Amino acid sequence: MSSTAALAAAAASAALLVLAAFGGVEARERESAWLPAAPKKVAVAAEAKVPAVIVFGDSTVDTGNNNVVATMLKSNFPPYGRDLGAATGRFCNGRLPPDFMSEALGLPPLVPAYLDPAYGIADFARGVCFASAGTGLDNATAGVLAVIPLWKEVEYFKEYQRRLRRHAGRAAARRIVRDALYVVSIGTNDFLENYFLLVTGRFKQFTVGEFEDFLVAQAAGFLAAIHRLGARRVAFAGLSAIGCLPLERTLNALRGGCVEEYNQVARDYNVKLNAMIADLQSSLPSLKIAYVPVYDDMLNLINNPSTLGLENVEQGCCATGMFEMSYLCNEKNPLTCPDADKYFFWDSFHPTEKVNRFFANSTLQICLRELLS
């Protein structure tokens, strides 16, 4: 590991400790080229083909499961959800990509979190999210902030199917599971919260290349597991330009700009992920997987912000936008921007609703072309 990465890891460790301390106090007080929007008529054409959107992954797609998990990594308080009308546990000022995709496919505009007691199986029959902020492909990643590991997300999927059969009958449940669109977004935390943060020991066990291989193998195992459980159409997101997240830019202040070392890791991982997806589809011909090039979409927008009318692609809207997220992004901070639509990032780690909408449109066009045609 380079000296710069080591310095960033040390600083990130300190930031994590600050978050933990602040979160404890707050919890006690409260408890490719940028693609245009998919034409509406195309979404309507796909509507009848998709009975549900089913989501696995991390905070990029967690619609509120962490609300009921004993972790400090939460976002069910203002100003999160500011432009949605309520703080739902989404790490955003509004909606996430699966929400927009669900609505475009003629399904509800919000994909409910499986652990949210406000929803039941009748809701989950049309869409459900098992994702947990802070989790990763590596089980050790979930342990860093005590969130739901990916294997447990799969266990919830099994439980969901049992409930679905009781609710809708075996035949209907089988059809919903088979024809659903699966959205998977995961992997960033494995590097930024685990490997490069030096907290799990993985950096001693693996070189970064070996860790990439390990994660890709975990992804293959996960995809094979949900295929055995009936999944047939999966959109799997690659890593974004993780070195360009505001938090990483802040930790790279001595050199300035994005952490190129981290971006290179993301590119290398994505190449391996793409190869694995091709191999897996060859061995499981009934499984269709669409790779989502989040890295390219993100860099294209950062390099061409006027494409979306953005004015700031380096800091988040919340607080200073340099290091705050979760409990550090709170309504007591007077520095939060008045208009999130001018920003790429909402907090130091997650996109704004405006950017999420365009990620969703990009992903949906790929799905319509590769999975739903």
Side-chain angles (χ1 to χ4, degrees), residues 1 5 32 55-61 130-132 134-144 147-154 157 182-198 200-229 231-243 245 259-299 363 366-367 370-371:
M1 181 181 299
S32 52
V55 184
F56 294 91
D58 56 25
S59 59
T60 54
V61 290
F130 301 108
S132 176
T135 201
L137 291 161
D138 182 2
N139 289 334
T141 301
V144 175
V147 299
I148 303 169
L150 187 58
W151 68 263
K152 186 63 175 178
E153 292 187 28
V154 175
F157 182 42
Y182 293 79
V183 178
V184 184
S185 179
I186 196 167
T188 296
N189 297 316
D190 291 302
F191 290 101
L192 300 186
E193 180 189 311
N194 178 344
Y195 191 87
F196 288 123
L197 203 55
L198 315 180
T200 66
R202 292 302 197 197
F203 71 101
K204 295 180 180 178
Q205 184 178 358
F206 300 112
T207 65
V208 68
E210 290 169 344
F211 190 59
E212 292 164 6
D213 295 336
F214 170 74
L215 294 179
V216 169
Q218 296 298 109
F222 162 77
L223 287 167
I226 64 171
H227 174 262
R228 287 193 297 271
L229 293 170
R232 293 295 179 267
R233 303 189 290 194
V234 182
F236 201 109
L239 284 186
S240 69
I242 59 177
L245 299 177
V259 182
E260 176 55 28
E261 178 183 350
Y262 290 178
N263 282 351
Q264 184 62 56
V265 167
R267 291 192 295 269
D268 292 344
Y269 167 86
N270 287 341
V271 169
K272 295 174 180 180
L273 179 67
N274 242 323
M276 178 276 288
I277 287 173
D279 290 343
L280 193 61
Q281 289 188 112
S282 296
S283 61
L284 298 173
S286 62
L287 177 61
K288 297 170 71 175
I289 309 171
Y291 170 78
V292 182
V294 180
Y295 186 101
D296 297 331
D297 284 349
M298 178 175 173
L299 273 194
T363 302
I366 293 170
C367 291
E370 300 183 22
L371 301 179

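What you are looking at is a predicted structure, and each value in this text was computed from that prediction instead of being measured.
- The shortest side-chain heavy-atom distance between Phe56 and Phe236 does not fall under the 4.5 Å cut-off.
- A donor atom on one side chain and an acceptor atom on the other are found under 3.5 Å apart for Asp190 and Thr141.
- Shortest non-hydrogen contact noted between Ser240 and Val294 is CB-CG1, 3.8 Å.
- The minimum heavy-atom distance between Ile148 and Ser132, with the atom names listed, is N-OG, 3.1 Å.
- At a threshold of 4.5 Å between non-hydrogen side-chain atoms, the residues Asp58 and Ser185 count as touching.
- The backbone N or O of Leu215 lies less than 3.5 Å from no partner atom in the side chain of Gln218, so there is not a single donor-acceptor pair.
- The two residues Ala231 and Leu287 come nearest to each other via the heavy atoms O-CD1, 3.8 Å.
- Phe196 places a side-chain heavy atom less than 4.5 Å from the side chain of Glu261.
- Using a 4.5 Å heavy-atom threshold, the side chains of Arg233 and Cys367 count as separate.
- Inter-residue side-chain proximity for Val183 and Thr363 is flagged as unmet; no heavy-atom pair is nearer than 4.5 Å.
- Between the CZ atom in Arg228 and the CG atom in Leu284 there is a gap of 9.0 Å [rounded to 0.5 Å].
- When all heavy atoms are compared, the tightest approach of Glu193 to Gly134 is OE2-O, 3.0 Å.
- For the atom pair CZ of Phe222 and CG of Leu137, the computed distance is 8.5 Å after rounding to the nearest 0.5 Å.
- Leu239 has its side chain within reach of Thr188: a pair of non-hydrogen atoms, C-beta onward, lies under 4.5 Å apart.
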Quick one, Glu370 with Lys288, criterion side-chain contact (heavy atoms from CB on, under 4.5 Å). Give me CA distance, side-chain angles, the key distance, then yes/no. CA-CA 8 Å; Glu370 300 183 22; Lys288 297 170 71 175; over 6 Å; no
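- Gly136 approaches Leu150 most closely through the heavy-atom pair O-CB, 3.7 Å.
- Between His227 atom NE2 and Leu280 atom CG the span is 8.5 Å, to the nearest 0.5 Å.
- Side-chain atoms of Leu192 and Leu245, non-hydrogen and from C-beta on, do get closer than 4.5 Å to each other.
- Under the 6.0 Å cut-off for aromatic ring centres, Phe191 and Tyr262 do not qualify, their centroids lying 6.0 Å or more apart.
- Going from atom CD of Glu153 over to atom CD1 of Ile186 covers 6.0 Å, rounded to the nearest 0.5 Å.
- Side-chain contact between Phe203 and Asn194: absent, with no pair of heavy atoms (C-beta onward) separated by less than 4.5 Å.
- From Leu229, atom CG reaches atom OH of Tyr182 across 8.5 Å, with rounding to the nearest 0.5 Å.
- Across Ala290 and Ile366, no two heavy atoms sit closer than the pair CB-CG2, 3.8 Å.
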Start with the C-alpha gap between Ile242 and Tyr295, add the side-chain angles, then the distance that decides, and say whether side-chain contact (heavy atoms from CB on, under 4.5 Å) holds.
CA-CA 8 Å; Ile242 59 177; Tyr295 186 101; over 6 Å; no
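- With rounding to the nearest 0.5 angstrom, the OG1 atom of Thr135 is 12.5 Å from the NZ atom of Lys152.
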Under the side-chain contact (heavy atoms from CB on, under 4.5 Å) criterion, do Val265 and Tyr195 qualify, and how do the steps go? CA-CA 11 Å; Val265 167; Tyr195 191 87; over 6 Å; no
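- Applying the salt bridge (charged side-chain N to carboxylate O under 4.0 Å, His left out) test to Arg202 and every residue at least two apart in sequence or in another chain returns Asp138.
- For Glu212, the salt bridge (charged side-chain N to carboxylate O under 4.0 Å, His left out) criterion is met by Lys272, not counting sequence neighbours.
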